[in-house]
Amino acid sequence: AAQQVLVRFPLIQDVVALYRAADGVQHVAVALAVHTFLKRLNVQTKIHFICRNIFSDAGQICRLKVRRLLDGLVPEHTTPEQFNSWAVIDVLEPSVPCPPLEAVWEEYQKPVNIEDEVLGTLKLNRDFGLLDGKILWNEKEVSLALEIDLEDEETWDTVRSIAHKVMADRESWDKSMREFAAKELTGLANEWQADDDEKKNADPIAEEGFAQRITLSELSLTYEGDFTAYFDDDDMFWGHTVEVCGSLENGIESANIAG
């Protein structure tokens, strides 16, 4: 017969270090990842859990019943140790008091801002592992998303340095990305135009005109040097986004429509 036990995991004493390194779900994962314990545990377990994206109230603490995820359900490209090794069985109590987790949540909500001499104010987005900001690109305000490793602050400096390089040469990058997207997608834009009853009699779109019409709305950079630029399509693809991808090392590699 299946056993049930109540297990209360300590978090860690240095709450500040923990909240800088993990989100609300990972706080519990840190405690659960004590390998010597997990290898011996073969029972269903109730845990206190900070519920995010489960209940409407972010930070709501609940009690869940969980079990070890069956090895057969782990995707082929990974291992049970690398994959999330817990499966939720039931929500036992949707709201319970837990002072240690409440303290973690309080710290978690505190904003972290970085003032960068080139990029301006960057705000830490813990949910998505990003530094978010706004930059001026061709005299237009553009969203900036810098992908980081929350557990490695060196990546925060690395991706900011990469962003500095892009900003220093942004006129060249802007021209190259527009021209690349125009070369790859102008033909498709004309096909979409021919399918639009209101535009099918309009003059064909030329590559030069395509390049002039798209405007950058967001730039995303990773600490490994990859980038994705999102351009407004000026309704050539009925409001979809023009997506240009590449890396600082290899240059522009692809252009597609998305969204």
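One is the number of the first residue; the rest follow in order along the sequence.
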Report summary line: Tightest non-hydrogen contact, residues Val142 and Leu216, listed as CG2-O, 3.5 Å
Query - Reported CD1-to-OG distance for the pair Ile252 and Ser176, which is rounded to 0.5 angstrom - result: 5.0 Å
Report task. Verify, without hydrogens or angle tests, whether Asn190 (side chain) and Ile205 (backbone) share a donor-acceptor contact under 3.5 angstrom. Result -> yes
Report task. Rounded to the nearest 0.5 Å, what's the gap from CD on Glu224 to CG on Leu248? Could you check? Result -> 12.5 Å
Query raised in the report: Are Asn125 and Leu131 side-chain neighbours, meaning at least one heavy-atom pair lies under 4.5 Å?
Result: no
Query raised in the report: Heavy-atom count around Glu117 CD within 6.0 Å, excluding the residue itself: above 12?
Result: yes
Query raised in the report: Are Lys175 and Glu179 ion-paired here, with the side-chain N under 4.0 Å from a carboxylate O?
Result: yes
Requested in this report: Determine the minimum heavy-atom distance between Val112 and Arg126, stating which atoms define it.
Outcome: CG2-NH2, 3.3 Å
**Report entry** Note, Val104 side chain near Glu107 side chain (heavy atom, < 4.5 Å)
**Finding:** no
Query raised in the report: Are the side chains of Leu185 and Val242 in touch, meaning some heavy atoms are under 4.5 Å apart?
Result: yes
Report task. Establish whether Leu219 and Val118 are linked, either directly or via other cluster members, by ILVMFWY side-chain heavy-atom contacts under 4.5 Å. Result -> yes
Query - Asp152 side chain near Tyr223 side chain, heavy-atom distance below 4.5 Å - result: no
Report task. Measure the shortest side-chain to side-chain distance between Leu146 and Leu119 over non-hydrogen atoms and say whether it is less than 4.5 angstrom. Result -> yes
Query - Axial cation check for Phe231 ring with Arg178, 6.0 Å and 45° limits - result: no
Query raised in the report: Does one hydrophobic cluster hold both Phe210 and Trp238, with members joined at side-chain heavy-atom distances below 4.5 Å?
Result: yes
Report task. Check the surroundings of atom CD in Glu106: do more than 12 heavy atoms from other residues, nucleotides or ligands lie under 6.0 Å from it? Result -> no
Query raised in the report: Is there a donor-acceptor pair under 3.5 Å between the side chain of Arg170 and the backbone N or O of Met167?
Result: yes
**Report entry** Closest contact, heavy atoms only, Glu93 versus Cys62
**Finding:** O-CB, 3.1 Å
Query raised in the report: Between the main-chain N or O of Phe180 and the side-chain N or O of Glu184, is there a donor-acceptor pair closer than 3.5 Å?
Result: no
Requested in this report: Compare every heavy atom of Ile214 with every heavy atom of Ala181, then report the nearest pair and how far apart it is.
Outcome: CB-CD1, 4.1 Å
Query raised in the report: Between atom SG of Cys245 and atom CG of Asn250, what is the distance when rounded to the nearest 0.5 Å?
Result: 13.0 Å
Query raised in the report: Does the pair Asp169/Lys165 count as a salt bridge with the N-to-O cut at 4.0 Å?
Result: no
**Report entry** Donor-acceptor pair, side chain of Thr155 and main chain of Ile148, under 3.5 angstrom
**Finding:** no
Requested in this report: Report yes or no: does Trp156 contribute a side-chain atom to a donor-acceptor pair with the main-chain N or O of Asp149 at less than 3.5 Å?
Outcome: yes
Query raised in the report: Within a strict 4.5 Å, meaning less than it, do heavy atoms of the Trp137 and Val166 side chains meet?
Result: yes
Report summary line: Distance col, row Phe237:CZ vs Ile257:CD1, nearest 0.5 angstrom, shows 5.5 Å
Requested in this report: Quick one: do Leu150 and Leu124 satisfy side-chain contact (heavy atoms from CB on, under 4.5 Å)? Show the steps, please.
Outcome: CA-CA 9 Å; Leu150 290 169; Leu124 176 62; 3.8 Å; yes
Report task. Begin with the C-alpha distance, continue with both residues' side-chain angles, and end with the deciding distance and a verdict on ring pair (Phe, Tyr, Trp, His ring centres under 6.0 Å) for Trp173 and Phe227. Result -> CA-CA 11 Å; Trp173 277 111; Phe227 68 81; 5.2 Å; yes
Report task. Output yes when a side-chain donor or acceptor of Lys134 lies under 3.5 Å from a complementary backbone atom of Leu144, and no otherwise. Result -> no
Query raised in the report: Which atom pair, heavy atoms only, marks the closest approach of Glu243 to Ala258?
Result: OE2-CB, 3.9 Å
Query raised in the report: Which heavy atom in Pro204 sits nearest to a heavy atom in Gln193, and how many Å separate them?
Result: CA-NE2, 4.0 Å
Query - Reported CG-to-CD distance for the pair Asp232 and Glu218, which is rounded to 0.5 angstrom - result: 10.5 Å
**Report entry** Polar side-chain atom of Glu147 near backbone of Asp226 as donor-acceptor pair, under 3.5 Å
**Finding:** no
Query raised in the report: Within the side chain of Thr186, is there an N or O that forms a donor-acceptor pair under 3.5 Å with the backbone of Ala182?
Result: yes
**Report entry** pair Asp174-Asn138: side-chain heavy atoms closer than 4.5 Å
**Finding:** yes
Query raised in the report: Is it true that Arg213 and Asp233 have a side-chain N and a carboxylate O under 4.0 angstrom from each other?
Result: no
Query raised in the report: Considering residues, nucleotides and ligands other than Glu249, do more than 12 of their heavy atoms fall under 6.0 Å from its CD?
Result: no
Requested in this report: State whether Lys123 and Asp132 are salt-bridged, where the test is any N-O pair (Lys NZ or Arg NE/NH1/NH2 against Asp/Glu carboxylate O) under 4.0 Å.
Outcome: no
Report task. For Asp234 and Met236, indicate whether the former's side chain and the latter's backbone hold a donor-acceptor pair under 3.5 Å. Result -> no
Report task. For the residue pair Ile61 and Glu102, establish whether any side-chain heavy-atom pair is separated by less than 4.5 Å. Result -> yes
Query raised in the report: Under the 3.5 angstrom rule, does the side chain of Arg63 hit a backbone N or O of Val96 as a donor-acceptor pair?
Result: no
